[in-house]
2 protein chains.
Amino acid sequence: MNRQAPTLEDVAREAGVSRATVSRVVNGVRNVDPAIQDLVRLAIERTGYAPNRAARSLVTRRTGTVALVVSGAGDTSEEEQNAFAARVFADPFFGRVVGGVVGFLRPRSMHPVLMFAESPEARQEVVRYLRQGNADGALVVSTHPDDPLPALLAEAGLPAVLFARPVRPVALSHVDLAHWDGGRLAAERLLARGCRKVATVSGPWAVAASQERLAGFRDTMARGGHPYVPVAEGGFTLDSGVAAMTTLLAQHPDVEGVFAANDLMAQGVCQVLRERGRRVPEDVAVVGFDDSSVAATCRPPLTSVRQPVEDMAAAMARLLDEHVRGLRTDPVAVLFEPELVVRESA
Amino acid sequence: MNRQAPTLEDVAREAGVSRATVSRVVNGVRNVDPAIQDLVRLAIERTGYAPNRAARSLVTRRTGTVALVVSGAGDTSEEEQNAFAARVFADPFFGRVVGGVVGFLRPRSMHPVLMFAESPEARQEVVRYLRQGNADGALVVSTHPDDPLPALLAEAGLPAVLFARPVRPVALSHVDLAHWDGGRLAAERLLARGCRKVATVSGPWAVAASQERLAGFRDTMARGGHPYVPVAEGGFTLDSGVAAMTTLLAQHPDVEGVFAANDLMAQGVCQVLRERGRRVPEDVAVVGFDDSSVAATCRPPLTSVRQPVEDMAAAMARLLDEHVRGLRTDPVAVLFEPELVVRESA
DNA sequence: GGGGGCCGGGAGAGCGCTCTATGCCCCCGG
DNA sequence: CCGGGGGCATAGAGCGCTCTCCCGGCCCCC
């Protein structure tokens with residue numbers, strides 16, 4: 001690539017018009033004589049012109065880029081930083097988020113830049129990145145309830161949208177699921193199957209979503225005549241599901257139905273049950289949460305409460321776009337409804 | 001954010017020096033009087049200055065951004081496009097690639113923008129994106145051997161580095177694994193365990209890596225006195241591993257060792273074996289490939305041929321950086337050595 | 001037939017930064 | 001005491017684009 005990239009000036013000269021006219025054609029604004037439009041388009045074709053985005057965004061103050069930030073908790077050690085990305089994507093959830101975000105951005109010729117904010121320095125880097133005008137705003141997916149990044153962004157007045165409602169209120173828009181209803185759906189399914197003895201593996205206490213799923217589940221079970229439901233806390237990982245179910249089974253060997261707060265843990269639950277000689281769903285029915293890819297590949301395939309992650313991620317991108325363009329100024333919360341997907345496990 | 005972001009000019013005024021001096025301090029070049037440096041730094045602090053990247057890259061013709069492209073095959077239908085991202089990240093492999101890339105980029109204040117090129121339009125978009133100067137170059141991970149993107153990039157003279165050697169030679173640098181040696185390591189392990197009857201689940205024929213892993217495995221088995229090794233072709237997915245193993249087991253019920261060309265398929269292999277009443281590794285030893293996260297979470301944990309994906313990804317980023325900065329002009333191939341990680345499955 | 005509005009196009013001023021050319025000042029040698 | 005040189009800062013010219021004026025011509029209406 002020795003030859004310089006053609007500029008607006010070159011195209012203008014080629015077409016025999018002014019820079020401004022070419023710019024108008026490129027951006028499709030104002031009325032330009034159709035004949036001249038063709039002339040310009042031809043010149044663009046001939047010169048192989050591609051508008052320089054740096055120059056454009058220098059004046060428009062827009063970049064067409066958004067930061068997609070996966071934000072961790074406090075202070076991840078230096079060594080763990082490299083593994084953070086791999087760990088994050090080990091959960092099929094994030095692939096779906098990326099898919100949803102890209103689905104919205106692509107038709108608009110926008111692009112996501114991937115950032116990880118699992119340490120104080122990394123968080124500062126995110127803020128700096130946005131302040132420098134590298135991206136128009138941030139889509140933040142927190143893996144930890146105490147994530148300080150949202151507050152940092154709000155404080156700096158940077159456009160951002162969160163996945164899930166933050167524990168501490170922050171002046172940012174977010175999307176979320178009606179977790180309580182998700183818990184309800186799981187309970188209704190187990191009740192409908194006639195399960196008498198029911199237990200649940202919840203997510204981490206500190207996570208609001210865990211609490212709500214649990215509340216929805218318990219309230220509904222109570223209404224169905226089962227006021228007491230044993231709970232074991234998990235950490236949304238397969239291993240934690242195994243551990244929680246092992247505990248539950250020791251205390252309640254006669255369990256007939258289990259609700260796990262995500263599919264990964266439900267998979268662990270199934271493993272433990274099978275190893276202990278219980279058949280799923282004949283002896284014990286299992287309901288998962290998320291309807292992620294593991295729900296389908298699990299043995300047996302999991303009945304799961306579907307979280308429309310792609311739609312939620314797309315909505316995040318849409319909200320951010322509206323904030324960036326000034327179409328929306330006040331923070332807003334968009335709530336999605338879960339749905340029960342019945343497979344074999346319950 | 002109503003107040004305008006401070007500019008170099010503002011800082012210069014605040015510090016009582018010229019724009020150029022502030023620029024020198026910010027970029028740490030040339031000799032600037034230490035006293036004045038402090039003065040400037042103080043002014044930067046006070047004004048909360050952050051250099052505008054668009055303006056900078058307009059003159060430096062560098063962006064500090066690289067495109068991380070996951071490139072598919074031919075023409076994915078419109079509906080599938082959204083799911084492509086999710087499918088891609090369902091393979092733990094990509095999470096590791098992202099981790100390796102970010103590990104290299106971050107210390108240099110560079111960032112990856114995620115792109116998917118699974119349709120002709122999407123490929124054009126990648127080329128356009130780079131030609132517009134949105135990113136300095138591309139890191140390309142192809143999921144399909146016939147991927148036309150590398151040729152497109154080479155033709156346009158855009159800096160790019162590939163993961164894995166392309167089938168059709170292309171004037172681009174790439175990193176790759178010594179796949180043949182990987183196959184050899186798997187064979188040696190099964191031979192050392194005394195497996196007599198051995199079979200293998202290969203990757204797709206069209207993929208060069210599959211061929212080489214298979215060749216290394218077969219050649220080594222032959223040298224060990226087993227000239228005939230049954231093969232079933234898989235597609236690097238869990239389902240395809242299940243299907244392939246089902247076929248193999250039907251034809252060779254007395255199999256004692258299985259080499260699967262990646263961990264996902266090895267997991268499928270283990271599932272089938274367990275369902276058919278075979279114990280792993282007591283009855284049948286299983287060796288996987290990649291040493292991905294599923295290798296550790298699989299039951300039993302998989303003995304696997306480790307592919308240093310993070311290192312390879314980091315090397316891609318480093319090569320791209322060298323190409324972009326003109327430190328390297330001719331394409332180069334960097335080869336990595338696999339390593340056997342012994343767990344329980346073999 | 002003349003004036004005002006409107007439409008299509010051009011000129012030029014920046015956007016915020018880098019970097020070259022230039023100038024100032026001080027120190028040193030003759 | 002003067003000329004020369006080197007360190008350190010400044011001035012200013014762009015980088016490629018958008019966008020606000022502004023101007024010329026045409027149409028329409030009175």
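Numbered from 1 within each chain, the chains take letters A, B, ... in sequence-line order.
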A:Phe163/A:His174 aromatic ring centres below 6.0 Å: no
Polar side-chain atom of A:Asp147 near backbone of A:His144 as donor-acceptor pair, under 3.5 Å: no
Heavy-atom donor-acceptor pair, A:Ser142 side chain to A:Pro145 backbone, under 3.5 Å: no
Touch class at under 4.0 angstrom, heavy-atom based, for A:Arg19 against every strand present: base
Sugar-phosphate, base or nothing in reach of B:Thr7, heavy atoms under 4.0 Å: sugar-phosphate
Residue whose closest nucleotide on DNA chain D lies nearer the 5' end, B:Val22 versus A:Val59: B:Val22
Whichever of B:Thr21 and B:Arg61 has its nearest DNA chain D nucleotide further upstream toward 5': B:Thr21
Closest non-hydrogen atom pair between B:Gly48 and A:Arg131, with its separation: O-NH2, 2.5 Å
Spacing of A:Tyr49 atom OH relative to D:dC17 atom P, expressed in whole Å: 3 Å
Spacing between B:Asp10 atom CG and C:dC15 atom P, to the nearest angstrom: 11 Å
Inter-axis angle, terminal five-pair segments of the helix from C:dG1-D:dC30 to C:dG30-D:dC1 [nearest 10°]: 50°
Pairing residues for B:Arg61 by the salt bridge (Lys or Arg N to Asp or Glu O under 4.0 Å) criterion, not counting sequence neighbours: none
Phosphate OP1/OP2 of D:dC15: any B:Ser57 side-chain N/O under 4.0 Å: no
Enumerate, atom names and distances included, each donor-acceptor pair closer than 3.5 Å involving a side-chain atom of residues 325-333 of chain B, sequence neighbours excluded.
unit_1	atom_1	unit_2	atom_2	d
B:Arg325	NH1	B:Asp321	OD2	3.0
B:Arg328	NE	B:Glu322	OE1	2.8
B:Arg328	NH2	B:Glu322	OE1	2.9

